[in-house]
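Report on the structure given below.
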Amino acid sequence: QAGYGAWLNHLPLAEGAYREHAASWTKAVVAEGTELCVLTALSELEDGIAKLTGKRPEKDIPQNGSRYIAIGTFAGSAAAKETFSREEQAEVAAEGFRIRTSGRSIVIAGASAQGVLYGAFHLLRLISSGASLDELNLLENPVNGIRMINQWDNIDGSIERGYAGNSIFYANDDIVDDLTRVRDYARMLASVGLNAISINNVNAHRYETMFITERFLPKVARVAETFRKYGIKTFLSINFAAPIEVGGLETADPLEASVQEWWKERAAEIYRYIPDFGGFLVKADSENRPGPFTYDRDHADGANMLADALRPFGGVVIWRCFVYNCKQDWRDRKTDRARAAYDHFTPLDGRFKDNVILQVKNGPMDFQVREPLSPLFGAMPNTNMTIEFQITQEYTGQQRHLCYLVPQWKEALEFETYARGEGSTVKRVADGTLFGRSYGGFAAVSNIGDDANWTGHPLAQANLYGYGRLAWNPDLTSEGIAAEWITQTFGSNEQVLETVSGMLMESWSIYESYTAPLGVGWMVTPHYHYGPDVDGYEYSKWGTYHFADLHGIGVDRTVKSGTGYTAQYQGSNAEVYESLERTPDELLLFFHHVPYTHVLKSGKTVIQHIYDTRFEGAERAAGLTAKWNSLEGLIEPSIFEEGKQRFLIQEEHAQHWRDVLNTYFFRKSGLPDALGRTIY
Ligand code: BDP
């Protein structure tokens with residue numbers, strides 16, 4: 001099936017000098033050691049090289065003097081030990097690797113088998129991109145310890161916010177028996193260095209609650225075994241009320257001895273089935289999920305109770321900070337949802353056990369196309385924290401629209417929190433170095449399903465790929481990641497590379513320019529979150545408002561006259577966002593309520609900006625169709641066709657967004673378009 005191989009296609013190298021070069025270096029792959037991931041690395045190299053060069057490598061050192069690849073850990077492989085000095089070995093982190101061309105061999109070595117596996121995928125990536133193998137000498141260590149994927153899959157086979165078909169994990173209220181696709185998914189994740197996965201929706205309901213019981217554990221263990229071969233740890237999302245729902249207890253109060261005992265027994269049982277189980281992911285007291293608030297306990301009480309249960313086995317609790325009141329009185333509108341995570345969690349700083357990690361969404365609201373950074377980053381120096389991104393395009397076009405999210409994530413990671421003065425970027429909070437935390441990293445909601453090409457939109461694969469690469473090294477560039485992905489996925493045609501790269505790089509800005517303006521967010525069809533509905537959430541309980549009336553629009557989050565949210569930021573960020581003049585245009589309506597005639601830094605009024613960017617956005621969306629169409633014949637036909645259909649949908653839909661938004665604001669404001677274009 002076209003698209004199934006994704007970036008692991010290992011497309012045959014074109015006949016010629018480079019193919020000869022690669023073939024000459026890969027006559028054999030010699031693995032020393034029997035660790036699981038070394039064996040996986042061996043078979044990945046054998047298969048990958050066979051596809052790339054057309055020749056399957058031998059397993060033994062060639063007797064005729066030919067060149068070969070040697071792989072293994074420093075502990076398990078003589079080649080690894082001899083090639084790298086003691087100091088060089090010491091520089092390799094637990095999951096890092098070194099690759100060096102040495103005499104007639106290329107040595108891939110790691111401190112762990114997992115590192116060797118990442119090194120193997122790295123070498124395949126180098127060969128796919130045509131790198132010379134004559135003088136390789138590199139050291140790679142992952143910047144982030146936790147590099148996690150969250151599946152939002154339900155046991156009935158559906159996927160919450162999934163836009164690429166049904167679950168590859170579940171069908172008919174059970175875990176599937178045939179795990180072939182799960183294995184192929186594990187390969188994709190490991191190939192970009194991801195090392196953890198939670199396999200069920202954070203909204204864990206009745207059957208999913210039973211994953212931690214004997215009814216499902218044998219099957220969960222099979223899934224974990226599949227991921228283990230690829231160095232990926234399995235986690236489960238749990239239901240905080242599980243002691244009641246499946247344990248038959250009368251309470252889930254975290255300070256109740258019987259409840260604590262129950263979780264300890266559960267943990268022990270889970271580890272009997274899965275000795276390297278990662279731990280629990282928890283959504284509590286959020287969007288109608290149960291949690292410690294029911295018992296007048298706080299989130300430290302809840303998380304610590306689970307942490308105690310997991311600690312003897314080395315497990316961790318990943319506790320989400322997406323906690324807010326989803327039943328607020330919109331007529332009153334005093335509660336600012338953006339404030340919620342900070343208000344709930346900062347008072348608890350220092351109270352969480354050392355195997356608790358808070359997982360914080362990048363923005364304070366909910367994965368909108370544009371949000372400021374969550375002020376929680378930098379505000380809890382005594383707490384482990386990971387950053388949560390959303391790869392699945394819930395609010396960014398649902399994989400019918402193109403939206404390459406790596407630039408958005410990069411911007412988030414580079415954000416300066418000022419928590420420890422200059423240089424206190426979000427990426428340093430996330431990786432744990434800023435505050436010297438023992439755990440840190442990335443988590444993200446997956447965008448895959450059982451569609452033949454995994455992600456529906458063929459170019460949405462770039463987001464999954466890019467997420468993994470960025471989790472490994474946040475300093476990689478968006479363009480660089482795009483280029484890697486394109487070459488491995490579509491081959492090395494220059495025109496394809498240039499065109500697709502250009503399309504990816506402008507896609508976020510295009511999507512932003514026809515949807516909700518200037519950082520205000522939402523304006524989508526309630527529940528589905530697709531398509532324009534300007535007032536869809538305006539009179540509802542979710543806390544997601546834009547306050548548009550005949551005079552103006554935007555949310556006043558200032559201390560001076562609004563919700564006071566700007567005070568949650570540190571250093572000059574608080575002043576910048578408090579100030580109407582200094583707030584960047586793209587976030588203006590997130591922080592301020594202004595008249596439509598307010599003049600932006602761009603020199604345009606807010607209303608004219610809305611009109612202009614909606615018109616431009618729709619045009620630029622049409623431009624994407626044209627660009628894609630120019631690649632006909634250069635991209636595998638079924639993938640080309642799949643993309644073409646999506647770009648047509650996007651083009652049409654961008655016009656719909658344009659018309660609905662322009663009409664809405666024209667009627668609200670009564671202000672004409674300066675260019676006199678038709679607005680209904
Ligand atoms: C929101 C989604 C909802 C998720 C929630 C979450 O609309 O389906 O359950 O996030 O992150 O964006 O828990």
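When a ligand or atom number is given, it counts from 1 through the structure's own listing order.
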Do His299 and Phe293 come within less than 4.5 Å of each other through their side chains, counting heavy atoms only?
yes
Using the six-membered ring wherever Trp is involved, compare the ring planes of His653 and His656 and label them parallel, tilted or perpendicular (cut-offs 30° and 60°).
tilted
Could you tell me, atom by atom, which parts of ligand 1 come under 4.0 Å of a heavy atom of Arg161?
2 (C), 3 (C), 7 (O), 8 (O)
Pair Glu394, Tyr163: side-chain N/O donor-acceptor within cut-off below 3.5 Å
no
of all protein heavy atoms, closest to atom 7 (O) of ligand 1 is Glu394 OE2, 2.5 Å
Centre-to-centre under 6.0 Å for Trp522 and Tyr395, is that the case here?
yes
Got the closest protein heavy atom to atom 10 (O) of ligand 1, with its distance?
Lys361 NZ, 3.1 Å
Taking Lys410 for the side chain and Leu476 for the main chain, is one N or O donor matched with an acceptor at less than 3.5 Å?
yes
Classify the contact between Asn201 and ligand 1 as side chain, backbone, both or neither, using a heavy-atom distance cut-off of under 4.0 Å.
neither
Worked check of ring pair (Phe, Tyr, Trp, His ring centres under 6.0 Å) between Tyr530 and His401:
CA-CA 10 Å; Tyr530 184 78; His401 297 228; 5.6 Å; yes
Would you check the N or O atoms of Arg320, main chain and side chain alike, for any that come under 3.5 Å of an N or O of ligand 1?
yes
N or O contact, Asp366 vs ligand 1, cut-off under 3.5 Å
yes
Pairs of nitrogen or oxygen atoms closer than 3.5 Å, one from Glu160 and one from ligand 1: do any exist?
yes
Around atom 13 (O) of ligand 1, find the nearest protein heavy atom and jot down its residue, atom name and distance.
Lys283 NZ, 2.6 Å
Determine the interplanar angle of the Phe227 and Phe169 rings, folded into 0 to 90°, and report it as parallel if under 30°, tilted if 30 to 60°, perpendicular if over 60°.
parallel
Identity and separation of the nearest protein heavy atom to atom 5 (C) of ligand 1
Glu287 OE1, 3.4 Å
